[in-house]
Amino acid sequence: MHKSLGALLAIGLAGLQFLAVLVVVSSSYVTSERALIQHARNLLRDVGINTIEHSKGFLSPAEGAAELAARLAQNRVIASDDPMALEQLLFQQLQIAPQFAGIYYGTEDGGFVYVMRSPGAAGPFRSKIITVSPEGARHVEFIWRDDDFQQVAHKVDPDDTFDPRKRPWYNRARQSRATIWTDPYIFFSSQQPGITLAAPVIRDTGAIHGVVGVDIEISMISHFLSRLNIGEHGRALIIHRNGDVIAHPDLEMIKTRSDDGTLRFVNITEFEDPIARAAFAPLLQDGEIRVSSETASQFTYQGASYVSTVMPIISDKLPWTIAVYAPENDFTAVIKQNRTTNIWIAAAVAAITGLVGLALAHYIHKPVRAFAVRSALISQGEIDPNEPLPNTYRELERANETLVQEIAARREQAAQIERLNRDLSHLARGHTMGQMAAGLAHEINQPLTAIAQNADTALFLLAQNPEKLGELPEILNEIERQSLRAGDIIRALRGFIRKDDDRRAPFDFVALVAQTLHLVQPQATEASVEIATDLPASLPPAEGNRIQIAQVLVNLLRNAIEAVATQTDPARPRRVILSARPQADLLRVTVTDTGPGIRPGLNLFAQFETTKPDGMGLGLSICRAIVEGSGGALWEDGEEGQGARFHFTLPLRRPAKPAGPVAPVRADALE
Ligand code: ADP
């Protein structure tokens with residue numbers, strides 16, 4: 001029992017610890033996960049905003065520069081119409097605007113001056129100049145120049161057929177008569193993604209002289225994206241309104257070759273970054289990317305969770321959507337790892353606490369157990385309470401002191417109670433015996449008087465009237481009868497006071513009743529009370545101290561007789577009935593009387609509780625002690641005003657041995 005208590009304590013302790021740690025771990029996990037995902041969203045948003053700012057910052061100076069170039073061209077070109085002067089002008093513009101990949105001017109007659117960066121080639125700059133004579137003869141020349149506009153190489157290409165008037169940028173600017181932006185495309189010469197900004201040069205007459213074009217490479221934006229840290233595996237990309245991916249950290253992924261061999265952008269629906277495709281291809285509806293507002297979302301791709309953010313288009317000129325995604329794990333992996341570690345720590349803490357708790361419970365419980373064993377041994381009398389207590393808790397020491405004192409006090413009280421009981425029962429026995437002796441004297445007196453009288457009569461007859469000898473047999477018969485009666489009484493008395501006082505043994509209850517009735521009959525006769533018995537024909541032997549049970553019977557019968565004696569109503573019968581019935585293993589004995597019943601409020605079985613002037617108030621308490629000592633019970637349940645009814649039980653010896661028929665003892669059998 002105590003072991004399981006210890007284990008229970010330990011397991012409970014460990015379980016509680018585990019539960020507590022688990023609750024703390026998971027609650028902190030949930031909150032930190034939420035915070036981290038929020039943090040990831042904020043980061044994605046910042047990336048989007050940065051990319052927008054960067055793109056704008058990259059492109060808006062270009063716009064200004066292109067317009068400036070167009071105005072300059074308008075003034076100078078119209079003034080000089082000199083391709084060399086124009087080349088120099090364009091060269092200067094290219095030098096001051098690092099975003100420009102190339103700058104050029106196409107004219108209505110098919111002429112073309114183009115200055116572009118050509119890193120790694122013969123010189124850092126290359127010009128292409130197409131002149132058309134009034135007769136229509138074309139001259140195409142390539143010039144490579146250094147940073148100081150000094151020519152480093154030169155080539156004439158008679159096979160070149162390039163005509164600016166056929167290019168879309170030329171026609172759109174010409175038609176709109178304003179600066180136009182092309183959709184991003186991949187430049188033919190540099191094979192880099194870019195956009196072209198074209199502005200018309202208009203004569204005073206209003207006629208178009210030509211169109212200035214500026215190529216702006218936007219691969220810088222992809223380089224910018226590749227430098228961003230969005231978690232570990234996050235990516236940002238820019239999708240054009242038509243779904244083309246125009247910037248991505250991996251620049252090569254955004255380019256593909258079309259059927260005619262030229263390079264074009266890869267559309268988001270065919271993009272080879274499958275996560276980006278899964279996340280953002282659905283944005284393309286009816287050939288157009290539609291994002292009305294900044295939208296953060298979470299999605300799952302092949303079992304992994306991702307966070308993403310898309311921004312609405314930057315502007316009408318730049319109808320680009322910035323899309324950013326990152327695996328959640330990039331942000332939450334650490335705390336997930338942490339959580340697993342924490343759960344292991346919790347389990348370890350619980351296990352250690354459990355073991356420590358077990359040891360502690362054992363350690364704490366040991367002196368308590370020893371104390372319990374010691375107390376048990378003391379209570380069995382195996383050891384003396386005064387024996388020194390082994391080293392233990394102060395509380396137990398105090399408990400032991402109290403216990404020792406209590407035991408001593410109880411012994412003192414018991415050793416006293418026993419003496420008192422002995423005295424009391426002695427007193428009560430003496431009292432009972434005294435009363436019985438008085439009854440007996442009276443009872444025996446009658447047959448003895450009769451015998452004496454009859455003997456006298458016989459002697460007198462013999463002396464006086466020898467002739468009347470005929471009556472002698474009758475007189476002698478009477479003497480015999482009376483002497484037999486006296487003998488009966490004396491035998492009953494002897495049977496009653498047999499010297500087996502202290503033994504509990506099986507005895508014949510019906511016989512004991514007969515003997516007892518001899519003792520109370522005189523008192524009943526004197527008080528004109530009839531004693532009736534109602535006993536079974538045969539009974540197994542009852543168990544108990546025969547002489548003490550007789551004392552109980554005498555007490556109950558005498559109380560009943562005394563109660564009926566006080567009863568003065570001539571209409572009420574004056575009767576005491578003694579009955580007995582076997583009930584299972586018990587014999588139930590009932591003494592009923594027609595007296596006034598128990599006075600209300602009387603504590604019947606308390607010692608010294610009496611209503612009689614010469615009573616001692618001990619009889620019933622002794623009776624109850626005797627009956628209970630024999631393994632039975634004694635109680636009273638008469639109805640108020642209807643007379644008293646006392647019951648007591650005695651154990652019967654089972655199985656019943658077939659006993660000889662016992663004749664019911666009737667009250668008048670003694671008369
Ligand atoms: P005592 O007879 O010396 O008074 P008992 O203990 O035998 O002491 O009885 C206690 C009291 O119980 C009696 O004084 C009496 O009032 C009441 N008593 C006992 N038996 C009867 C009875 N059969 N009818 C009415 N009262 C009774």
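Order of appearance sets the numbers: ligands from 1, and atoms from 1 within every ligand. For the numbers below, each heavy atom of this structure counts, side chains included, while hydrogens, waters and symmetry mates do not. Predicted model, so just to flag it, every value in this text is computed and none were measured.
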*Asks:* Output the list of atoms in ligand 1 that are nearer than 4.0 Å to some heavy atom of Thr611, sorted by atom number.
*Replies:*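 Within the 4.0 Å cut-off of Thr611, ligand 1 contributes 13 (C), 14 (O), 15 (C), 16 (O).
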*Asks:* Report the part of Val591 (side chain from C-beta onward, or backbone N, CA, C, O) that has a heavy atom under 4.0 Å from ligand 1; answer both or neither where that applies.
*Replies:*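 Looking at Val591 and ligand 1, no heavy atom falls under 4.0 Å.
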*Asks:* Please confirm whether Phe605 comes under 4.0 Å of ligand 1, counting heavy atoms of the residue only.
*Replies:*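 No, Phe605 has no heavy atom closer than 4.0 Å to ligand 1.
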*Asks:* Should you measure from each heavy atom of Ala560, which atoms of ligand 1 turn up under 4.0 Å away?
*Replies:*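 Here the atoms of ligand 1 in question are 23 (N).
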*Asks:* Less than 4.5 Å apart, any side-chain heavy atom of Leu512 and any of Arg546?
*Replies:*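 They are in contact (side-chain heavy atoms under 4.5 Å apart), so the answer is yes.
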*Asks:* For Glu609, counting its heavy atoms only, list the atoms of ligand 1 lying under 4.0 Å from any of them.
*Replies:*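 That gives atoms 10 (C), 11 (C) of ligand 1.
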*Asks:* For ligand 1, is there an N or O atom under 3.5 Å from any N or O atom of Lys612?
*Replies:*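 Yes.
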*Asks:* Tell me whether Arg599 reaches ligand 1 (any heavy atom closer than 4.0 angstrom to a ligand atom).
*Replies:*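 In this structure, Arg599 fails to qualify as a contact of ligand 1 - no heavy atom is under 4.0 Å.
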*Asks:* Check the orientation of His39 and Phe331. Use parallel for under 30°, tilted for 30 to 60°, and perpendicular for over 60°.
*Replies:*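 Rings of His39 and Phe331: perpendicular, as their planes differ by over 60°.
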*Asks:* Check the angle between the aromatic planes of Trp635 and His647 and answer parallel, tilted or perpendicular using the 30° and 60° thresholds.
*Replies:*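 Aromatic pair Trp635/His647 classed parallel.
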*Asks:* Please examine the side chains of Leu553 and Val589, heavy atoms only from C-beta on, and report whether any two atoms are closer than 4.5 Å.
*Replies:*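 A side-chain contact exists here, since the closest heavy-atom pair is under 4.5 Å.
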*Asks:* For Gln521 and Thr525, run side-chain hydrogen bond (donor to acceptor under 3.5 Å, both in side chains): C-alpha distance rounded to whole Å, both residues' side-chain angles, the deciding distance at 0.1 Å, then the answer.
*Replies:* CA-CA 6 Å; Gln521 191 56 53; Thr525 312; 3.3 Å; yes
*Asks:* Got an N/O contact under 3.5 Å between Glu562 and ligand 1?
*Replies:*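 There is no such contact.
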*Asks:* Consider every N or O of Asn559 and every N or O of ligand 1, then say whether any pair is closer than 3.5 Å.
*Replies:*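 Between Asn559 and ligand 1 (N or O atoms, distance only) the closest approach is under 3.5 Å.
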*Asks:* Output yes when a side-chain donor or acceptor of Arg574 lies under 3.5 Å from a complementary backbone atom of Ala527, and no otherwise.
*Replies:*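 Pair found, side chain donor or acceptor close to backbone of Ala527.
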*Asks:* Go through ligand 1 atom by atom and flag the ones less than 4.0 Å from a non-hydrogen atom of Thr610.
*Replies:*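 Selected atoms, number and element: 1 (P), 4 (O), 14 (O).
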*Asks:* A quick test of your reading: do over 12 heavy atoms of other residues, nucleotides or ligands sit less than 6.0 Å from NZ of Lys612?
*Replies:*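 Yes, NZ of Lys612 has more than 12 neighbouring heavy atoms, counting only those of other groups under 6.0 Å.
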*Asks:* Just which atoms of ligand 1 are under 4.0 Å from any heavy atom in Ile598?
*Replies:*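 Taking each heavy atom of Ile598 in turn, ligand 1 has 21 (C), 25 (C), 26 (N), 27 (C) under 4.0 Å.
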*Asks:* Among Cys623, Gly597, Ala644, which residue places a heavy atom closest to atom 22 (C) of ligand 1?
*Replies:*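 Looking at heavy atoms only, Ala644 sits closest to atom 22 (C) of ligand 1.
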*Asks:* Donor-acceptor pairs are to be reported for all side-chain atoms of residues 618-625 against protein atoms at under 3.5 Å, with residues two or more places apart or in another chain.
*Replies:*
| unit_1 | atom_1 | unit_2 | atom_2 | d |
| --- | --- | --- | --- | --- |
| Ser621 | OG | Leu618 | O | 2.9 |
| Arg624 | NE | Leu634 | O | 3.4 |
| Arg624 | NH2 | Leu634 | O | 2.9 |

*Asks:* Within the 4.5 Å heavy-atom criterion, are Leu586 and Leu650 side-chain neighbours or not?
*Replies:*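 No, their side chains stay 4.5 Å or more apart.
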*Asks:* What are the atoms of ligand 1, with element, lying closer than 4.0 Å to any heavy atom of Leu604?
*Replies:*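 Those atoms are 12 (O), 17 (C).
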*Asks:* For Ser621, is at least one N or O under 3.5 Å away from an N or O on ligand 1?
*Replies:*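 N/O-N/O distance below 3.5 Å does not exist for this pair.
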*Asks:* Can you tell which part of Leu602 has a heavy atom less than 4.0 Å from ligand 1: side chain, backbone, both or neither?
*Replies:*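 Looking at Leu602 and ligand 1, just side chain atoms fall under 4.0 Å.
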*Asks:* Below 4.5 Å, heavy atoms only, C-beta onward: do Ile577 and Arg575 meet side chain to side chain?
*Replies:*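 They are in contact (side-chain heavy atoms under 4.5 Å apart), so the answer is yes.
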